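The next block holds one structure in the form of structure tokens; read it before the comments.
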There are 2 protein chains.
Amino acid sequence: MPVRHIYTPMKIAEKHRAARQYILEAARPLIGQRGFSAVGLAQILDVAGIPKGSFYHYFESKEAFGEALLQTYIDDYLIKMDDILGNDDENAAQRITRYCQFWRDTHIEGQIGNKCLIVKLAAEVSDLSERMRAILDVGTRTVIDRISAVIASGQEDGSIGSTQPAPMLAASLYQLWLGSTLMVKITHSSPPFDHAWEASRRLLEI
Amino acid sequence: MPVRHIYTPMKIAEKHRAARQYILEAARPLIGQRGFSAVGLAQILDVAGIPKGSFYHYFESKEAFGEALLQTYIDDYLIKMDDILGNDDENAAQRITRYCQFWRDTHIEGQIGNKCLIVKLAAEVSDLSERMRAILDVGTRTVIDRISAVIASGQEDGSIGSTQPAPMLAASLYQLWLGSTLMVKITHSSPPFDHAWEASRRLLEI
DNA sequence: TTCATAAAAAGACGACTGGTCTAATTTTTA
DNA sequence: TAAAAATTAGACCAGTCGTCTTTTTATGAA
């Protein structure tokens, strides 16, 4: 690489990054509601206020864009998760309870753009793109690991009664809530969340 | 419309019904793998061996076709369910076990065309078509009701220990397995089913 | 400040696929 | 054989993703 002066390239790089972010933010509610394949790039870019022709300056392809979308969603989700599960004033059972409540709140009726992209896209994307599937794989594994850690600490502090292996309990809980969210989508009603919560309490013995 | 004689329309009606059936059968594996929106009518009709122009003689629209697809899938599924759950030689716990095993077998790796359309389409279709959502709503409700009935009989015959309300247990189980199937899709591995089964045993106390 | 150069945006464009509909053809009935 | 119905071919237009050239903007040196 040739020697070159350090001419602050911040402005350009910054604008580029910001535009990328605009596109991802504009896409999230659209794709969260209609799915990945069903939403065209034109519409996303229109909402983001970025010209169609510029898309390939920010993403290599629609699939690469989908990967970035999932990854940023998961990154954001993990931050929120840490926020909820990391509260050290509460015992583990209380933290799990808050997480379940957070899950419910995310999917209340009326909310249209903020719902869980994992629930929405898992079935569609897993058979569509190996790379997007891999991102979901790692992402859900991470989420389950964090739940598992809280459960393990609950088994120590006594707030969780079940002596089942924490990773297994965590996986079961995550699956249960994943399924309940699907049922909420199908039934347009909230009882599935009530059932998930009741079953969670029984499984954890809290 | 002019008066017309009753000229035995059996053959025509029969052919019509058969063609409709061909289309639905051809579509099931395609849509089961790639989703509803992602599969075009041209491809479905191509596989079915029906000219593209004829589609609207069999279905009013793609959405009406989707409704029929879901309804026939659910009807077929309920028949299989009755077959599995209706075996009177076994007690309720054994019948539930067989149903869970059936669920697993349906989603083993390698199987591509026969997987559960409800899992595949729930997230996509619920936000896309109110009528298709309603079919899924009634369909899943029916499935859960049958599971509930078996659980109730298991609580009577003693093979199921839990005294929780059967409808609630049934809903929880269904959600759990729905979610586990999503996780199997994401992870390309079967442990989610193992976790679902273990959690099912705990919830039912069998 | 001015200018040459490089980076980025713009939007038309191509090749294709989507669901739908009309006009023509084939088949069936009287 | 003539009338009617059922079926089909093909056109249609809106939409898809991705590419390409032109225009605009930003940059660093003189």
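None of these values were measured; they are calculated from a predicted model. Proteins get letters first, then strands, A, B, ... in listed order; numbering begins at 1 in each.
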Centroid-centroid under 6.0 Å between Y174(A) and W103(A) rings: yes
Check every strand shown and say whether G40(A) touches a base, only sugar-phosphate, or nothing at a heavy-atom separation below 4.0 Å. sugar-phosphate
For DNA chain D, whose closest nucleotide is more 5', that of G53(B) or that of S37(A)? G53(B)
Taking the nucleotide of DNA chain D with the nearest heavy atom to each, does A38(A) or P51(B) sit closer to the 5' end?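 Upstream on the strand: P51(B).
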Quickly work out the [X] [atom1] to [N] [atom2] distance and round it to whole Å.
{"X": "E60(A)", "N": "dC17(D)", "atom1": "CD", "atom2": "P", "result": "16 Å"}
{"X": "L45(B)", "N": "dG18(C)", "atom1": "CG", "atom2": "P", "result": "11 Å"}
{"X": "I44(A)", "N": "dT16(D)", "atom1": "CD1", "atom2": "C1'", "result": "12 Å"}
{"X": "Q43(A)", "N": "dC17(D)", "atom1": "CD", "atom2": "P", "result": "10 Å"}
{"X": "D46(B)", "N": "dA9(D)", "atom1": "CG", "atom2": "C1'", "result": "15 Å"}
{"X": "I23(A)", "N": "dA9(C)", "atom1": "CD1", "atom2": "C1'", "result": "12 Å"}
{"X": "F65(B)", "N": "dG19(C)", "atom1": "CZ", "atom2": "C1'", "result": "13 Å"}
{"X": "F55(A)", "N": "dA9(C)", "atom1": "CZ", "atom2": "P", "result": "13 Å"}

Is there, by distance only and without an angle test, a donor paired with an acceptor across the side chain of K52(B) and the base of dG19(C) below 3.5 Å? yes
What I want to check is whether an N or O donor and acceptor connect the side chain of H57(A) with the base of dA9(C) at under 3.5 Å.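 Checked by distance alone, the answer is yes.
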Residues D82(A), R146(A): salt bridge by 4.0 Å N-O rule: yes
N-O pairing of R131(B) and E67(B) below 4.0 Å: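 The answer is yes: the pair qualifies as a salt bridge.
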Side chains of E198(B) and S172(A): any donor to acceptor distance under 3.5 Å? no
Under 4.0 Å: is that the gap between some side-chain N or O of Y56(A) and OP1 or OP2 of dC17(D)?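 Indeed not, no polar side-chain atom of Y56(A) lies that close.
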When the ring planes of Y99(B) and Y77(B) are compared, do they come out parallel, tilted or perpendicular, using 30° and 60° as the limits? perpendicular
For the side chain of S54(B), counting heavy atoms from C-beta on, which of dT16(D), dG18(C), dT7(D) is nearest?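 Per side-chain heavy atoms of S54(B), the pick is dT7(D).
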Checking dT8(D), dC17(D), dA9(C) against the side chain of K62(A) (C-beta onward), the nearest is dC17(D)
